[in-house]
There are 2 protein chains.
Amino acid sequence: MTNLPVRTAFFISDGTGITSETLGHSLLAQFPEVRFRQVRIPFVDDLDKAIDCAQQIREAAQRDGVRPIVFSTLVNPLTVDGLRQADALFIDLFEQFVGPLETELGQRSTHAVGRFHGIADSSDYKNRIEAINFAMAHDDGVSSDGELAEADVILVGVSRSGKTPTSLYLAMQFGVKAANYPLIPEDFERNKLPGELHHYRAKLFGLTISPERLSQIRQERRPNSRYASLENCRYEIDAAQKLMRRENIRWLDSTTKSIEEISATILQAVRLNRPGY
Amino acid sequence: MTNLPVRTAFFISDGTGITSETLGHSLLAQFPEVRFRQVRIPFVDDLDKAIDCAQQIREAAQRDGVRPIVFSTLVNPLTVDGLRQADALFIDLFEQFVGPLETELGQRSTHAVGRFHGIADSSDYKNRIEAINFAMAHDDGVSSDGELAEADVILVGVSRSGKTPTSLYLAMQFGVKAANYPLIPEDFERNKLPGELHHYRAKLFGLTISPERLSQIRQERRPNSRYASLENCRYEIDAAQKLMRRENIRWLDSTTKSIEEISATILQAVRLNRPGY
């Protein structure tokens, strides 16, 4: 890694910077040969702050010996001008795309600063917060009778197969109410789904994982336990897959997938069954 | 709302679609006068799927009486061609920006499909998952002695001031380990910080909220309780702010802020104290 070239990439925004960072990460991921030092600067909402950014860009250029890449989402022309006092490759979301959208929609954009401005009052946002609370309250099989009726999706799988982070991501990104339910050795012995899950078969989605990866993850939490042993992980995964197959539960293997990929896949599967979701 | 024009906006991607959706939401938020019907189509990674998308675009155009807006992040020229068989305003991240980046960096992009391809193995990703587990294990004051030493930030505030969703967002988006600790009436009576928090003053960040909003949120959970009464909310907020002021804890008001805004603000505050974060 050490002899890769280094470039500084700035993510600059008048809001949280999350859009410019998401945009920037996607684009930089297309250049794995370049090592990027990443600097996030949110809330650049006046000229002074923009000029301060320009100074940081100049300093980075001097340190790297090459001009930085700047991903920005600035709507105020004054702050844009301030920023551009420095030399960099500027990649600006609004500059490129707002013009064509204005023409297409036959409307001027509001040039409102900050993507999330006012979003805290929107119903989308409230749904997301409610979904986060739901995921927290229904994590790891903690659900009273009837409460699962409210869930959009119920994740099942052995302990540490990725259910909790996936539930939270589904809530946070998409406002989807996800409960999760562990499959434990007692379920395999009884050879049936735990709790009241059989009432909600259409909402169930399974996660599986390779026994090797599972054992590795469990080792970090309970080193040298029977719980973490490869032998036990093999047994649990095999039994869980048999159970899911018999119960006709859709599932996917989380071994090499990110929670973003798992969530998008689940959403697509759930949505196919419920048009208009 | 009903007489606003309706347009269909598609978010189409060969990966999860999260980048194109983030991009699209930011841009559409600049046109609050237009009502958008939003359709997300992830994993469009071959020509057949692209042609199917083109068909959906045509159907939306027919239904709306106006061509849709399509936000896409497709790297494969073949799928791009398939998609373009339909008429729409195409806004493509890669098309616009990959060219200038290739020139600037003197490298060809990999044209690797899917932003998150391979990300599950990266150390950034592992940090995020670890941070999510940390936030879950240290929610609502559940921390044993010494465990808080591992936290990057510790959120404090009265019950329902926004600590839990913010902790989770900090973990998920930024890989920041955030614990949270409620300030409860006993703390105000004893007139000191709860638990072992006094050891970690530099990591503390407070959330406050308007008593009216707090009462409204608590009403939804425990209607007509003393806990939710405006009078009690006023008392708790006043006492919490006095305590935070006396203990010199930075804080912000979450009343009209999204967890994105709160998280970006906290990160900036924490980072200022710990350069190189």
Side-chain angles (χ1 to χ4, degrees), chain A residues 7 15-19 22-23 25-27 29-34 40 42-43 69 73 75 89 91 93-94 96-98 100-101 104-105 107 109-112 114-121 125 129 132-133 136 139 164-165 168-169 172-173 256-261 263-265 267-268, chain B residues 7 15-19 22-23 25-27 29-34 40 42-43 69 73 75 89 91 93-94 96-98 100-101 104-105 107 109-112 114-121 125 129 132-133 136 139 164-165 168-169 172-173 256-261 263-265 267-268:
Chain A
R7 279 269 189 153
T16 62
I18 290 162
T19 301
T22 304
L23 169 85
H25 279 170
S26 288
L27 287 165
Q30 296 292 317
F31 299 91
E33 299 293 302
V34 186
R40 182 194 313 119
F43 306 121
I69 319 275
T73 51
V75 296
L89 176 68
I91 291 192
L93 187 63
F94 285 111
Q96 288 284 332
F97 295 138
V98 165
L101 273 170
E104 181 73 19
L105 298 168
Q107 303 224 356
S109 75
T110 59
H111 285 271
R115 173 196 165 195
F116 292 102
H117 187 76
I119 204 178
D121 294 323
Y125 180 76
I129 297 296
I132 294 169
N133 290 331
M136 292 294 287
D139 184 46
T164 296
L168 291 168
Y169 192 83
M172 203 158 269
Q173 182 75 19
T256 58
K257 288 191 162 58
S258 65
I259 51 174
E260 285 84 353
E261 289 171 313
S263 300
T265 304
L267 206 61
Q268 211 183 19
Chain B
R7 279 271 187 152
T16 62
I18 290 162
T19 302
T22 304
L23 169 85
H25 279 170
S26 288
L27 287 164
Q30 295 293 317
F31 299 92
E33 299 293 302
V34 187
R40 181 193 314 119
F43 306 123
I69 320 272
T73 50
V75 296
L89 175 67
I91 292 193
L93 186 63
F94 284 110
Q96 288 283 334
F97 296 138
V98 164
L101 273 171
E104 181 73 19
L105 297 170
Q107 303 225 353
S109 75
T110 58
H111 286 271
R115 173 194 165 198
F116 292 103
H117 187 78
I119 206 180
D121 294 324
Y125 181 75
I129 297 296
I132 293 168
N133 290 332
M136 292 294 287
D139 184 45
T164 296
L168 291 169
Y169 192 83
M172 204 159 269
Q173 183 75 22
T256 59
K257 287 193 163 59
S258 66
I259 51 174
E260 285 83 354
E261 289 171 312
S263 301
T265 304
L267 206 60
Q268 211 184 19

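Note: hydrogens, waters and symmetry copies are ignored here, and every other heavy atom, side chains too, is used. Just so it is clear: chains get the letters A, B, ... in the order the sequence lines come, proteins before strands, and each one is counted from 1.
In this structure, CD in Gln268(B) is found 11.0 Å from OG1 in Thr16(A), a value given to the nearest 0.5 Å. Atoms CG and CE, on Leu168(B) and Met136(A) in that order, are 5.0 Å from each other to the nearest 0.5 Å. Rounded to the nearest 0.5 angstrom, Thr19(A) OG1 and Glu260(B) CD are separated by 9.0 Å. The OG1 atom of Thr73(B) sits 9.5 Å away from atom CD of Gln30(A), with the distance rounded to the nearest 0.5 Å.
Contact record, Tyr125(B) with Ile259(A): OH-N, 2.8 Å, taken as the closest heavy-atom pair. Contact detail for Arg7(B) and Glu104(A): the closest heavy-atom pair is NH2-O, 3.0 Å. Residues Ile18(B) and Tyr169(A) come closest through the heavy atom pair CD1-OH, 3.1 Å.
Using a 4.5 Å cut-off between heavy atoms, Leu93(B) touches chain A through backbone and side chain atoms alike. When heavy atoms are compared at a cutoff of 4.5 Å, Ile69(B) approaches chain A solely by way of its side chain, counted from C-beta outward. With a threshold of 4.5 angstrom between heavy atoms, Thr265(A) approaches chain B through its backbone and through its side chain.
With respect to chain B, the highest number of heavy-atom pairs below 4.5 Å among Pro100(A), Pro42(A), Gly17(A) belongs to Pro42(A). Contact count against chain B (heavy-atom pairs under 4.5 Å) is highest for Leu105(A) among Ile91(A), Leu23(A), Ile132(A), Leu105(A).
With sequence neighbours excluded, the residues forming a side-chain contact (heavy atoms from CB on, under 4.5 Å) with Gln96(B) are Gln96(A), Phe97(A), listed by chain and number. Under the rule for a side chain to side chain donor-acceptor pair (under 3.5 Å), the partners of Asp139(B) that lie at least two apart in sequence or sit in another chain are Thr164(B), Asn180(B).
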